[in-house]
Number of protein chains: 2
Amino acid sequence: MKDHQELLNLPHKTIERLSQYRRALLLCLEDGRTHIFSHEIAKIQHITPVQVRRDLMLIGYSGTLRKGYNIRELIDLIGEIIDSEEMINVAVVGVGNLGRALIKYFNGKRHKLYIVAGFDINPEKIGKIINGIPCFGTEDMDRVVREKNIKIGILTVPAANAIESSKRLVDAGIKGIVNYTPKPIEVPDNVYLEEYDMVTTLEKVAFYVKMAELKGEKVEGGN
Amino acid sequence: MKDHQELLNLPHKTIERLSQYRRALLLCLEDGRTHIFSHEIAKIQHITPVQVRRDLMLIGYSGTLRKGYNIRELIDLIGEIIDSEEMINVAVVGVGNLGRALIKYFNGKRHKLYIVAGFDINPEKIGKIINGIPCFGTEDMDRVVREKNIKIGILTVPAANAIESSKRLVDAGIKGIVNYTPKPIEVPDNVYLEEYDMVTTLEKVAFYVKMAELKGEKVEGGN
DNA sequence: TTTGCAATGTTATTTACTTAACAAAAATAT
DNA sequence: ATATTTTTGTTAAGTAAATAACATTGCAAA
Ligand SMILES: NC(=O)c1ccc[n+]([C@@H]2O[C@H](COP(=O)([O-])OP(=O)(O)OC[C@H]3O[C@@H](n4cnc5c(N)ncnc54)[C@H](O)[C@@H]3O)[C@@H](O)[C@H]2O)c1
Ligand SMILES: NC(=O)c1ccc[n+]([C@@H]2O[C@H](COP(=O)([O-])OP(=O)(O)OC[C@H]3O[C@@H](n4cnc5c(N)ncnc54)[C@H](O)[C@@H]3O)[C@@H](O)[C@H]2O)c1
């Protein structure tokens, strides 16, 4: 299999697409299919077949001519590349509306990723099991992160608390953060950070919708 | 001001960043500041000052040397570019955990974007006001979209219902869709589509965290 | 003054990503 | 058998985005 450097050389976009391919492939598998063509994957993902084949080339997977790719094999290979050997444990900080939606969405899914704890400051939540996972007070973060070997934190606290919460996560030894609050946070170099805000997405859609209306004609699809 | 073609030539990434700049600038304004330097904006957004200046150059905004950019002016200019003249109305389809989180997050915010309706099939939700917005049955989508002049739909139904719901939205005449279900949907060319799935984000973070651990050293930050 | 500095604004270069072009192979049709 | 089609795999070309380089400006300090 590919060595570390080769894996790190994979384009970031390819990593994202591999995750998406796998999700689509798992659905196909459920439908009882065994093989799939690049153009079928492409259709699902709104990209070109060439891109699919190129991604698969980069990870060194070969299909069979005129038969396509073996879905099971491909799923497994993607797993070998993007998943860790052992489970990676995840915590949600801020078990509010969004936090609970994420927990619910995740729970009961396959993956090498598991949400194993929530953190909150609301006494009514602390000590309870929420959507199947235990909720702790933030003062226990250090201990729980260590004991449960939590590597990634998902930030869904109110924006005003984003900075302090991210500091706590970093201090507790977390290695990756996904920040869903609209407040950009800062983390040290050794912590991997992704930020996402729905408003940006919506404003972008609104912009292209506006432009399409002004032109009275179509614009090509999303990013 | 810039004409349509010039606006459409702006890089997609610049459009996204303009939205983000504005959000950050609004916070600065609340802090009572009047001016800001490119390197300050850059710090907040985890990008380089050059990129900020380049984006602002592209939209034709000039700061004052040694004083930076006028926050108020810049916010207004960004608004002129990415916002529409009139309000753009938005609907949420699937008023569950995620849908409610989004509504709550949006409600009471500035913007030219407003979530004005929710759609669901659960009889307990239909007819109610949820987080301040009225919830309708999906059978009324055509009518409500027309009456309320809704342009954008946010899809937060269960994955199994994503396809049918997106079709309904398109049939009702919607012009943009943000799909938060893990099921990729298809829309005609004249509908602008953005899809987002948290699992992809988390798996990407997990991948780079894993790689960092294997290397025993740092990787550079997110995308 | 005039020199240095800290900032902006713009062009040039580089890097990252996507798409196009095409060769090769296997199945199918002639 | 031979040609045609369909699909993969790979290299080459093209686009888009980010970064670097640098010219410019006006203030501040000497
Ligand atoms: N990125 C997006 O698309 C998106 C969408 C919706 C909401 N949001 C953001 O996500 C965040 C959560 O939204 P929500 O609707 O779930 O809000 P919410 O108020 O329902 O939940 C926030 C939770 O955080 C807890 N909390 C408060 N301070 C805390 C702290 N210091 N440490 C730990 N927990 C703390 C609260 O007790 C509450 O349970 C907000 O910042 C919101 O702006 C983002
Ligand atoms: N993108 C993400 O990051 C993310 C995160 C969490 C959840 N999700 C996804 O978002 C979706 C919603 O998640 P949730 O936790 O809010 O689920 P949920 O079950 O709480 O909510 C779904 C809602 O949709 C309604 N519904 C069902 N069928 C419908 C239909 N045909 N038309 C209109 N409404 C219908 C249900 O009555 C319910 O109110 C799911 O697809 C989930 O996988 C995505």
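The sequence lines fix the lettering, A, B, ..., with proteins before strands; numbering per chain opens at 1.
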Visitor: According to salt bridge (charged side-chain N to carboxylate O under 4.0 Å, His left out), who are the partners of A/Glu186, at least two apart in sequence or on a separate chain?
Guide: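 Applying salt bridge (charged side-chain N to carboxylate O under 4.0 Å, His left out) to A/Glu186 gives B/Lys43.
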Visitor: Does A/Glu73 form a side chain to side chain donor-acceptor pair (under 3.5 Å) with A/Tyr61? I'd like the steps, not just the answer.
Guide: CA-CA 9 Å; A/Glu73 278 179 20; A/Tyr61 185 67; 2.8 Å; yes
Visitor: Filter on ring-ring contact (aromatic ring centres under 6.0 Å, His included), then keep only pairs touching residues 85-110 of chain A, sequence neighbours left out; what's left?
Guide: A/Phe106-A/His111
Visitor: Atom pairs, N/O to N/O, protein against nucleotides 4-8 of chain C, distance under 3.5 Å?
Guide:
residue : atom : partner : partner atom : Å
C/dC5   : O2   : B/Arg66 : NH1          : 2.8
C/dA6   : O4'  : B/Arg66 : NH1          : 3.3
C/dT8   : OP1  : B/Ser38 : N            : 3.0
C/dT8   : OP2  : B/Ser38 : OG           : 2.6

Visitor: Expressed as a whole number of angstroms, how long is the span from B/Arg54:CZ to C/dT14:C1'?
Guide: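 About 13 Å, once rounded to whole Å.
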Visitor: Which pairs pass side chain to side chain donor-acceptor pair (under 3.5 Å) with one or both residues in residues 82-104 of chain B, sequence neighbours excluded?
Guide: B/Arg22-B/Asp83
Visitor: Going by the rule ring-ring contact (aromatic ring centres under 6.0 Å, His included), which residues pair with B/His46 if we only count those two or more places apart in sequence or in a different chain?
Guide: none
Visitor: Figure out the CG/P separation between B/Leu56 and C/dG9, and round it to whole Å.
Guide: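 The answer, rounded to whole Å, is 8 Å.
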Visitor: Residues two or more places apart in sequence or in another chain: which of them pass ring-ring contact (aromatic ring centres under 6.0 Å, His included) with A/Tyr196?
Guide: B/Tyr196
Visitor: Let me know the distance between CG of B/Asp55 and C1' of C/dT10, rounded to the nearest Å.
Guide: 14 Å
Visitor: Please report, rounded to the nearest Å, how far the C1' atom of C/dT18 is from the CE atom of A/Met57.
Guide: 13 Å
Visitor: Among pairs that include at least one residue of residues 162-176 of chain B, which meet side chain to side chain donor-acceptor pair (under 3.5 Å), considering only residues two or more places apart or in two chains?
Guide: B/Asn161-B/Glu164
Visitor: Who are the side chain to side chain donor-acceptor pair (under 3.5 Å) partners of A/Asp55, not counting sequence neighbours?
Guide: A/Thr14, A/Arg17, A/Tyr21
Visitor: Does anyone know the first and last nucleotide of DNA chain D in reach of chain A, 5' to 3', at under 4.0 angstrom to a heavy atom?
Guide: D/dT5 to D/dA12
